[in-house]
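Chain identifiers are assigned alphabetically (A, B, ...) following the order of the sequence lines, protein sequences preceding nucleic acid strands; residue numbering begins at 1 within each chain. Note that the structure is predicted; figures quoted are calculated from it, not measured.
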Protein chains: 2
Amino acid sequence: MPVKAIKTDSAVKPRSDLALANLRRRILSGAIAPGALLAESAMARELGVSRVPVREALFALEREGLVVFSDTGRAFVRQLSPRDFEELLQLRLTLEPMAARLAAAQIQPHLHALRTNIAATRRARSLAEVTRLDLEFHELILTASGNGRLLKLWRSMRGELELWLGRLHRQHQGQRLDTCEQTACAHEGLLKPFSSHNASLSESKMREHILNWREWLPLQSGQ
Amino acid sequence: MPVKAIKTDSAVKPRSDLALANLRRRILSGAIAPGALLAESAMARELGVSRVPVREALFALEREGLVVFSDTGRAFVRQLSPRDFEELLQLRLTLEPMAARLAAAQIQPHLHALRTNIAATRRARSLAEVTRLDLEFHELILTASGNGRLLKLWRSMRGELELWLGRLHRQHQGQRLDTCEQTACAHEGLLKPFSSHNASLSESKMREHILNWREWLPLQSGQ
DNA sequence: GGAATCCAAATGGTATACCGTTTTAATCTG
DNA sequence: CAGATTAAAACGGTATACCATTTGGATTCC
C-alpha cells in the first residue's frame with residue numbers, strides 16, 4: 001500500500017463539466033434570455049475558470065441544441081420558433097413509436113424503473129418536475145429499445161424540448177396543474193402493451209400518446 | 001472605398017477546419033487504422049498547428065461518429081461492429097422514408113440536382129465515388145424534406161456509414177463494379193413517385209430501396 | 001515465471017498571453 | 001437628422017506553458 005495516503009478514486013471534476021452544468025441550468029431556467037450573447041471571457045470571469053473549459057462547454061451545448069454559433073464564432077442562447085417545435089414533434093412521432101416497437105420485446109428489466117417514474121410523477125409538485133419526469137419516462141423507453149444510436153438521437157433533441165417546454169410553462173404559470181395525474185395515467189396506459197410484449201400495439205399507442213400530448217400544449221407563443 | 005486595398009471577403013481558413021478535414025480524410029481512407037490512438041500532441045506536430053485546433057477537430061469528429069473518447073479523455077478511431085451497422089440501418093429505415101414522404105410535396109426545386117447526381121453516378125469510375133454520390137443523393141432527399149433537424153440527424157449518421165462502407169470496399173476490392181448502373185437505376189426509380197408528388201408511394205419506395213441496398217452488401221466482416 | 005510495484009515518458013486539462021477580426025459607439029459628413 | 005467613417009473596446013482563434021493523471025514497461029519481489 002502506498003505511503004501517499006488514500007487515493008480518492010478520482011472524483012476530479014473537470015472544470016468544463018462545471019461550466020457546462022452551470023450554463024445549461026441557467027439557460028433552461030430562463031436566467032439567460034433567448035438570443036443573449038454568451039461571451040467566453042465574461043462566462044470565464046463569472047465562473048472563475050479560464051476560457052478553455054467555457055469554450056468546450058459551449059460546443060457541448062451547441063450539440064444539445066441550447067446554443068447556436070454565428071458565422072463569426074459567437075455563441076448565443078438558442079431561439080426556437082413554433083416551426084422548430086413542429087419539426088421536433090415530427091421526429092418524435094417517427095423515432096419514439098419505433099423505439100416502442102423495439103422495446104416491447106425486452107422491456108422486462110426496465111419495468112421497475114418505469115413504474116417508479118410513474119409513481120414519482122403522481123407525487124410531483126411542480127410543472128417543471130412533471131416535465132422532467134415525463135421526458136425521463138420517454139427516455140427510458142428509448143433506452144429499452146436497445147438501439148444506442150436511437151437513444152443518442154433522442155438525447156440530441158431533448159435539450160431543445162426542455163428549452164421549449166420551460167419557456168412555455170413560464171408563460172402560462174399556474175395553468176394545468178392537473179397535468180400530474182393525466183401524465184401518470186397516460187404513461188400507465190402505455191405500459192400495458194409493453195408488459196404483454198405486443199410490439200405493434202406498443203408502437204401505435206406511443207404514436208397516439210405523443211399526438212395527444214401535443215394537443216394539451218398551449219401552442220401559441222414564439223421565441 | 002478604403003485605402004487599405006481590397007478586402008478579400010474573408011477566405012480565412014481556421015486551422016481547426018484544416019485539422020478536421022485532414023483527420024477526416026485519413027480516417028475515412030483507412031490511413032489511420034480503426035482503434036488507433038489520436039494523440040493531440042502528435043497530430044498537432046504533424047499538422048504544424050497547436051493542440052487547440054486539433055482538440056476542436058477531435059470533438060467535431062466525435063460528433064460525426066468517426067472518433068470516440070475513452071473515459072480518460074483519449075481519442076481513438078471509431079471501431080464499428082456489424083451490430084452498429086444494423087442500428088444505423090434501422091434508423092435509416094425510419095428516417096429516410098419519413099423524409100421521402102415529406103419531400104414529395106416540395107421536390108420540384110431539387111429535381112435538377114437529383115438528376116445531375118444520377119447522371120454523375122452513371123459516369124462514376126470507382127466504388128468510392130459511387131458511394132459518395134449515393135449518399136449525396138439520399139442527403140438531397142433529406143434536404144428536400146424541409147425538416148432541418150431531420151437533416152441534422154441524418155448527417156450525424158453519415159460519417160459512420162461512410163466509415164463502414166469504406167472499410168467494406170477495401171476488403172472486397174474489384175467486386176461489384178456494376179454497382180454504378182444499379183445504383184443509378186434504383187435512384188431513377190425513386191424519382192418517379194417524387195415527380196408525381198405521391199407521398200405515400202415515395203415513402204414505401206424509399207423503404208424498399210434501403211432494404212434492397214442492404215441485401216447487396218457483403219455482410220460479413222467486422223471492425 | 002508471474003504478479004505486484006514503481007518510475008519515466010506521454011497525454012490531456014487548463015491557465016495565460018498575443019493577435020487579427022468583429023462589434024459597437026462615437027464622430028464626422030452631407 | 002440620417003448615413004457613412006473611424007477608432008476604441010470586445011471578442012474569438014490559437015500558440016505556449018504548466019501541472020496532475022494516466023500509461024506502459026522495466027524492475028522487483030514472492
For residues 112-121 of chain B, which side-chain donor-acceptor pairs fall under 3.5 Å, sequence neighbours excluded?
{"unit_1": "Thr116(B)", "atom_1": "OG1", "unit_2": "His112(B)", "atom_2": "O", "d": "2.9"}
{"unit_1": "Asn117(B)", "atom_1": "ND2", "unit_2": "Leu133(B)", "atom_2": "O", "d": "3.1"}
{"unit_1": "Asn117(B)", "atom_1": "ND2", "unit_2": "Glu136(B)", "atom_2": "OE2", "d": "3.3"}
{"unit_1": "Thr121(B)", "atom_1": "OG1", "unit_2": "Asn117(B)", "atom_2": "O", "d": "2.8"}

Just list the side-chain donor-acceptor pairs under 3.5 Å for residues 42-50 of chain A, sequence neighbours left out, or say none.
{"unit_1": "Glu46(A)", "atom_1": "OE1", "unit_2": "Arg26(A)", "atom_2": "NH1", "d": "3.0"}
{"unit_1": "Glu46(A)", "atom_1": "OE1", "unit_2": "Arg26(A)", "atom_2": "NH2", "d": "3.1"}
{"unit_1": "Ser50(A)", "atom_1": "OG", "unit_2": "Val52(A)", "atom_2": "N", "d": "3.3"}

For residues 90-105 of chain B, tabulate all N or O donor-acceptor pairs below 3.5 Å that involve a side-chain atom, not counting sequence neighbours.
{"unit_1": "Gln90(B)", "atom_1": "OE1", "unit_2": "Asn147(A)", "atom_2": "ND2", "d": "2.8"}
{"unit_1": "Arg92(B)", "atom_1": "NE", "unit_2": "Glu96(B)", "atom_2": "OE2", "d": "2.5"}
{"unit_1": "Arg92(B)", "atom_1": "NH2", "unit_2": "Glu96(B)", "atom_2": "OE2", "d": "2.9"}
{"unit_1": "Arg92(B)", "atom_1": "NH2", "unit_2": "His138(B)", "atom_2": "ND1", "d": "3.3"}
{"unit_1": "Thr94(B)", "atom_1": "OG1", "unit_2": "Gln90(B)", "atom_2": "O", "d": "3.3"}
{"unit_1": "Glu96(B)", "atom_1": "OE1", "unit_2": "His138(B)", "atom_2": "ND1", "d": "2.6"}
{"unit_1": "Arg101(B)", "atom_1": "NE", "unit_2": "Glu203(B)", "atom_2": "OE1", "d": "3.1"}

Exercise for the section: Starting at the 5' end of nucleotides 11-19 of chain D, put B wherever the base has a protein heavy atom under 4.0 Å, S where only the sugar-phosphate does, and a dash everywhere else. Expected result: SBBBBBB--
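Listed by first then second residue, pairs satisfying ring-ring contact (aromatic ring centres under 6.0 Å, His included) with a partner in residues 22-49 of chain B number zero, not counting sequence neighbours.
Put simply, CE on Met43(B) is 14 Å from C1' on dA10(C), counting in whole angstrom units.
Shown here are the side chain to side chain donor-acceptor pair (under 3.5 Å) partners of Glu87(A), two or more places apart in sequence or in another chain: Arg83(A), Arg149(B).
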